[in-house]
Number of protein chains: 2
Amino acid sequence: MPEGERITKRGAIRQENEARILAAAEKVFAEAGFGGATMQLIADMAGLPKANLHYYFPTKEELYRKVVRQIFEIWLHAADSFDEAPGPVEAIGAYVDAKMEISRSHPFGSKVWASEVMHGAPVIQDYLETTLREWTAGRARLIQKWVDEGKMAPIDPHHLLYMLWATTQHYADFGHQIETLNGGRPLSDRQWKAAKETVKSIILRGIGAI
Amino acid sequence: MPEGERITKRGAIRQENEARILAAAEKVFAEAGFGGATMQLIADMAGLPKANLHYYFPTKEELYRKVVRQIFEIWLHAADSFDEAPGPVEAIGAYVDAKMEISRSHPFGSKVWASEVMHGAPVIQDYLETTLREWTAGRARLIQKWVDEGKMAPIDPHHLLYMLWATTQHYADFGHQIETLNGGRPLSDRQWKAAKETVKSIILRGIGAI
DNA sequence: CTCGACCTTGACCATATGGTCAGGAAGCGA
DNA sequence: TCGCTTCCTGACCATATGGTCAAGGTCGAG
């Protein structure tokens with residue numbers, strides 16, 4: 001068996017350590033930015049000596065790249081909820097729910113993604129131009145179909161998508177600001193639920209779907 | 001005259017150089033993040049030797065602080081449009097217009113602000129807890145009043161504000177992504193106008209104000 | 001013209017950081 | 001046990017970067 005992971009302790013060690021490092025890296029990159037993050041910090045957070053990081057990930061760039069790609073995958077998966085729905089109400093409702101859930105459970109990933117895009121997408125530009133562009137075009141067509149079928153008001157699909165992305169990710173990317181304005185405490189379960197409902201309600205009503 | 005700027009050439013030099021440096025710093029901080037920005041890069045962009053930067057701004061932190069505060073001021077000013085309006089349609093319409101305009105004219109500032117908040121607001125935490133908190137509370141009361149007067153649907157004012165911030169700033173912070181999805185070309189005048197109209201229309205309809 | 005304040009800058013320094021490496025430990029098939 | 005691969009890590013290095021400094025230039029008031 002020349003390739004593929006064997007179920008040895010070795011394979012397990014590699015898997016575990018890479019996961020630890022990626023998790024630590026995600027957090028550090030999110031909190032300090034790529035430039036502000038140091039391999040030493042990531043190593044400390046992962047509980048490994050710095051030299052060990054370089055054993056698994058040759059360079060800082062490579063590690064960062066892996067982190068960003070990992071996030072991108074999660075993003076795309078969340079988008080599945082868009083397709084398995086008969087109309088805008090179900091699709092957008094499910095999509096908002098999914099993205100808000102991600103904002104809550106993966107705030108670091110969201111920040112890394114935001115940072116990457118804000119800095120001109122140096123490492124995932126190709127993904128933007130291929131995968132994301134296709135995904136967006138597909139969803140835009142779907143939305144346009146709903147418009148044509150009279151299921152919602154004539155809204156430019158792209159701007160609607162931007163609004164969905166912006167609003168849902170805001171709860172992760174600007175979580176600190178929201179927390180500060182919430183008396184310094186994170187949103188409670190109840191508040192998260194209210195946020196989701198408010199966002200869905202404004203948008204669905206706003207596009208004339210309800 | 002012990003203080004205040006005299007209208008000498010010296011005063012002009014200081015003013016001009018500080019402005020150059022601040023503009024260059026805003027751009028570099030936006031594109032590289034605080035950690036990724038270097039004084040050398042800022043100096044080159046400003047067309048001055050690095051040592052000269054340190055004459056006007058003793059440390060990188062100090063320079064960054066000035067940049068962030070400058071942005072915050074612009075933000076607050078834009079918010080004026082909120083108050084000089086009789087109801088939600090005019091207020092929110094004007095506010096969205098103003099913020100979209102800022103996103104277009106000051107994309108670097110917006111990114112610096114986003115970056116600062118994403119990293120936990122290390123230098124403007126006090127502003128968040130004082131000025132921004134007060135501003136937000138005031139606007140929230142105003143919105144609540146409109147709700148009570150039946151001028152709009154019963155929406156949680158805070159989530160509405162977050163949505164406004166998120167959506168309008170998205171066009172600056174994620175401008176690169178939008179540009180990529182727009183065929184690699186910046187939004188045209190026409191497209192910006194469409195964006196504004198779409199955002200206003202969805203939100204105003206979404207909160208039941210029209 | 002002179003003097004002091006303000007401005008300019010090349011050269012320099014201490015430090016932090018990404019990355020390397022050699023030597024050794026641990027796991028595993030035979 | 002042997003031998004091979006994978007894994008671990010302290011010590012080390014080259015470089016980049018924030019910041020300093022001293023010497024010199026420019027300006028304007030008196």
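Within every chain, numbering begins at 1; the chains are lettered A, B, ... in the order of the sequence lines, protein sequences first and strands thereafter. Side chains are part of it too, since the values below use all heavy atoms of this structure and drop only hydrogens, waters and symmetry mates.
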For nucleotides 11-25 of chain C, read 5' to 3', which letter fits each nucleotide if B means a protein heavy atom sits under 4.0 Å from the base, S means only the sugar-phosphate is that close, and - means neither? ------SBBBB----
Heavy atoms only, 4.0 Å cut-off, all strands: where does B/Y56 land among base, sugar-phosphate and nothing? sugar-phosphate
Can you list, pair by pair, the side-chain donor-acceptor contacts under 3.5 Å of residues 65-80 of chain B, counting residues two or more places apart and other chains?
from, atom 1, to, atom 2, distance (Å)
B/W75, NE1, B/Q169, OE1, 3.3
B/H77, ND1, B/D80, OD2, 3.3

Not counting sequence neighbours, which residues clear salt bridge (charged side-chain N to carboxylate O under 4.0 Å, His left out) with A/K60? List them please. none
Once salt bridge (charged side-chain N to carboxylate O under 4.0 Å, His left out) is applied, do any residues pair with A/D126, and if so which ones, sequence neighbours excluded? none
Spacing between [X] atom [atom1] and [N] atom [atom2], to the nearest angstrom:
{"X": "B/L53", "N": "C/dC7", "atom1": "CG", "atom2": "C1'", "result": "14 Å"}
{"X": "A/R20", "N": "D/dC8", "atom1": "CZ", "atom2": "C1'", "result": "14 Å"}
{"X": "B/E18", "N": "C/dC7", "atom1": "CD", "atom2": "C1'", "result": "12 Å"}
{"X": "B/N52", "N": "D/dG25", "atom1": "CG", "atom2": "C1'", "result": "12 Å"}

OP1 or OP2 of D/dC8 sitting under 4.0 Å from any side-chain N/O of A/N17? yes
Ignoring backbone atoms, establish whether A/Y55 has a side-chain N or O less than 4.0 Å from OP1 or OP2 of D/dC7. yes
Could you give the side-chain donor-acceptor pairs of residues 44-53 of chain B under 3.5 Å, partners two or more places apart or in another chain?
from, atom 1, to, atom 2, distance (Å)
B/D44, OD1, B/Q40, NE2, 3.1

Among D/dC8, C/dT8, D/dC7, find the nucleotide with the atom closest to the side chain of A/R14. D/dC7
For residues 22-35 of chain B, dump all side-chain donor-acceptor pairs below 3.5 Å to protein atoms at least two apart in sequence or in another chain.
from, atom 1, to, atom 2, distance (Å)
B/E26, OE2, B/G109, N, 3.4

Describe, in one word, how the ring planes of A/H159 and A/Y162 are oriented to each other, choosing from parallel (under 30°), tilted (30 to 60°) and perpendicular (over 60°). perpendicular
